[in-house]
A.B. asks: 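Take a look at the following structure, please.
Convention: sequence-line order gives letters A, B, ...; per-chain numbering from 1.
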2 protein chains.
Amino acid sequence: MSNEQSENRGDWPEQLAVRVARCYYELGMRQQEIAALLGIGRARVIRLLAEARENGIVTIHINSPLLENVELAEQLTERFNLLSAEVCLSHTADEIQLAEQIAISANQYVVRLIKNGMTIGLGWGVTLKELVRRMDRVNTTGVSVVSLLGSLTQRSSIDRFEASTALASKLGAECFYLPAPIVCDSQSSRELLVDQHLFKQIYNRALAADLAVVSIGGLNSATIRQAGLVDEDEYSSANQAGAVGNFLGLYIDKNADVIDHPINQRIVSVSGDDFLRIPRRVMVSAGESKVEAIFAVLQKGLLTDVVTDQATAQALLKLKK
Amino acid sequence: MSNEQSENRGDWPEQLAVRVARCYYELGMRQQEIAALLGIGRARVIRLLAEARENGIVTIHINSPLLENVELAEQLTERFNLLSAEVCLSHTADEIQLAEQIAISANQYVVRLIKNGMTIGLGWGVTLKELVRRMDRVNTTGVSVVSLLGSLTQRSSIDRFEASTALASKLGAECFYLPAPIVCDSQSSRELLVDQHLFKQIYNRALAADLAVVSIGGLNSATIRQAGLVDEDEYSSANQAGAVGNFLGLYIDKNADVIDHPINQRIVSVSGDDFLRIPRRVMVSAGESKVEAIFAVLQKGLLTDVVTDQATAQALLKLKK
DNA sequence: CAAGGTGCCAGACATTTGTTTCATTGACGC
DNA sequence: GCGTCAATGAAACAAATGTCTGGCACCTTG
């Protein structure tokens, strides 16, 4: 039977995980059996299974929608004049867990929108990172991914928030980064960087995106400050200047207008009218603290699609009145 | 819009299952919590989860292929001149379990082939039934499903083997049946039925299918006889006449030629050259007892795609030599 | 070559999940 | 009304899964 296959095909960790996953989910074997079959410890089987789910090697889909959420989605679509919306169940107020949960729903939603030959503009943040991490691997051709914001420069931030690279790898796509930090030292250095030929080239590529997937930063969300890009002083002064959240790197007020504050002069991102040139603009976001900002952005018509959770959807619909 | 909010939205059993599934798989809640939240017993939560997996409300995908199986698939593709093939892991020799396992792999394979506006011709048997039962629900438009064989007439057989109806419901598609039993009483009654206007109409529809999904019946497979369509005498005499299996209802010999036997005169199905007019012909089958028949059919070039398991794939490749 | 680290297995343990049994409920048919 | 039957929850139990510890082998690094 299974003769000792040669050896060195592909990277082992992943192949092992795949094998374990197939034995477990497709063949319905017990972890103990699998461990015995593959000659490894049961603990490892458990780790590999967890890892496989984390990585999106294994994905679980629920094909039937929950009626009440379909209704909420329809209401959102109508009230904010969207192309479509998706509402998922939520159970926790913890923003990190929430991000994971929305990510799962958004996965299917986004995967359906991806077509061959497409350029995808991508934002930033834990939610998107999570989304991309658990996303199905899809075989595409001619797809490219462009970051809509400048780059993060700290390794730790990149690991937590940078999603483009991971998305590109899931899709087997090319990936482009705006060659400038997301927050520049000063307005003048921003202008210098933005004026570079290479920068413009990539910026134009971003403008030509067919699909944008973005998130929104609530103001007191940890994300922005965790990234260490904005210090406390700036944060609180932006706050006082009427900021309700952060959209594509820029601090916005309750009308979704970019507030007049020095920090916004230093941000590198595709925003404003340029952003609107992307025909399909999907927001993936939820959470108590982001409702106001999400509402503002929706109200202003910046988006064509929304993926959020029950609680946020209900809050948004209430605000509308 | 939101008209019947209050109570009667959708059928409850399914909605409950969906809700439980989402809580469990997306939100990662414990069964105990879910039971408490929804005010039902934990036992029911378990039953609903099982049911959801059975029905394909919940589907689990493994997105990364197993390298050794990719190799086997490539070998199959090349040796039998196929468009593509898929090989899944197998762990059991039990044909029923095997059917379940292949069905899981075939699901993804077949779903990828389905396009809007397509007509799908479908065969018969436990494997296909299983395939369809666990298949993802896909939203399609303009798809129709046509049975490639005459109809089953006993309720119990229908429940076990008839796949077209279920497929159509998963796809939201139209479904057409050949208006004749799969096995007629006599050759003459077959001719009479086949000559009906309505029959020809649907037969032509079947001929115009873009995709056929079929299985193969091993000779001593329980399926054929379970259906109670062929009695023991006929079975053993067909056996003696050199039958190695059953393809689209017809008994075939080791060259995949339809054997000269009275039973074959009474079968209603789309076969022979007519079958070859369907451009994409996928076989989903595996099992020790079917190897010879599968080999014959492949050798004769009746198929363009195969989904099978490791053991069968290896056996097929050995035979080729 | 040794210190420190990592990854793994083995096995003990806690938790979760699955199964069985039994009593209750409520719908249905007569 | 009144039995019958299926569906369900409760509780007890069995099995599986997940977590943790210690120890060993193997690496890296100085």
A.B. asks: Does B/R137 offer a backbone N or O that forms a donor-acceptor pair with the side chain of B/K170 under 3.5 Å?
C.D. replies: no

A.B. asks: Show, in sequence, the C-alpha distance, side-chain angles and deciding distance for A/N69 and A/Q310, and conclude whether the side chain to side chain donor-acceptor pair (under 3.5 Å) test is met.
C.D. replies: CA-CA 7 Å; A/N69 289 344; A/Q310 256 183 27; 2.9 Å; yes

A.B. asks: Taking side-chain hydrogen bond (donor to acceptor under 3.5 Å, both in side chains) as the criterion, tell me which of A/S105, A/S90, A/S285 meets it with A/D309.
C.D. replies: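 The single option meeting the side-chain hydrogen bond (donor to acceptor under 3.5 Å, both in side chains) with A/D309 is A/S90.
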
A.B. asks: Just how large is the angle between the end axes of the helix from C/dC1-D/dG30 to C/dC30-D/dG1, five pairs per end, to 10 degrees?
C.D. replies: 40°

A.B. asks: On the nucleotide C/dG18, are OP1 or OP2 found under 4.0 Å from the side-chain N or O atoms that B/Q31 carries?
C.D. replies: yes

A.B. asks: Main chain of A/W124, side chain of A/K129: is a donor-acceptor contact present, judged purely on distance under 3.5 Å?
C.D. replies: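 Not at all, since once roles are kept as given, no pair shorter than 3.5 Å links the two residues.
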
A.B. asks: Pick from B/L76, B/V284, B/L72: which one makes a side chain to side chain contact (heavy atoms under 4.5 Å, CB included) with B/T308?
C.D. replies: B/L76

A.B. asks: What's touching nucleotides 19-22 of chain C from the protein side, N or O pairs under 3.5 Å?
C.D. replies:
none

A.B. asks: For the pair B/L49 and B/Q31, evaluate side-chain contact (heavy atoms from CB on, under 4.5 Å) and give the outcome as yes or no after the intermediate values.
C.D. replies: CA-CA 10 Å; B/L49 282 171; B/Q31 299 177 350; 3.8 Å; yes

A.B. asks: Can you tell me how far C1' of D/dG9 sits from CG of B/L38, to the nearest Å?
C.D. replies: 14 Å

A.B. asks: Are any of the side-chain nitrogens in B/E51 or B/R47 under 4.0 Å away from the carboxylate oxygens of its partner?
C.D. replies: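 B/R47 and B/E51: not salt-bridged.
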
A.B. asks: Would you tell me if any nitrogen or oxygen in the side chain of B/R30 comes within less than 4.0 Å of OP1 or OP2 on C/dT15?
C.D. replies: no

A.B. asks: Calculate the interatomic distance between B/L48 atom CG and C/dG18 atom P; express it in whole Å.
C.D. replies: 12 Å

A.B. asks: Find which nucleotide of DNA chain D each of A/R53 and B/G41 is nearest to by heavy atoms, and output the residue with the more 5' nucleotide.
C.D. replies: B/G41

A.B. asks: Taking atom C1' of C/dT16 as reference, at what distance in whole Å does atom CD1 of B/I34 sit?
C.D. replies: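 Whole-Å distance recorded here is 12 Å.
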
A.B. asks: What is the separation between atom CG on A/L37 and atom C1' on C/dC9, rounded to the nearest whole Å?
C.D. replies: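 Spelled out: CG on A/L37 to C1' on C/dC9 is 17 Å.
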
A.B. asks: So, applying side chain to side chain contact (heavy atoms under 4.5 Å, CB included) with A/L171, which one of A/D136, A/N139, A/V138 is it?
C.D. replies: A/V138

A.B. asks: Whole angstroms only, please: what is the CZ-C1' distance between B/R44 and C/dG18?
C.D. replies: 17 Å

A.B. asks: Nearest-Å distance, CG (B/L49) to P (C/dG18)?
C.D. replies: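 After rounding, the reported distance stands at 7 Å.
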
A.B. asks: How do B/M29 and A/I40 order along DNA chain C: which one's closest nucleotide is nearer the 5' end?
C.D. replies: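 So the residue in question is A/I40.
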
A.B. asks: Picking from A/T59, A/V58, A/N55, A/V18, what satisfies side chain to side chain contact (heavy atoms under 4.5 Å, CB included) with B/N63?
C.D. replies: A/T59

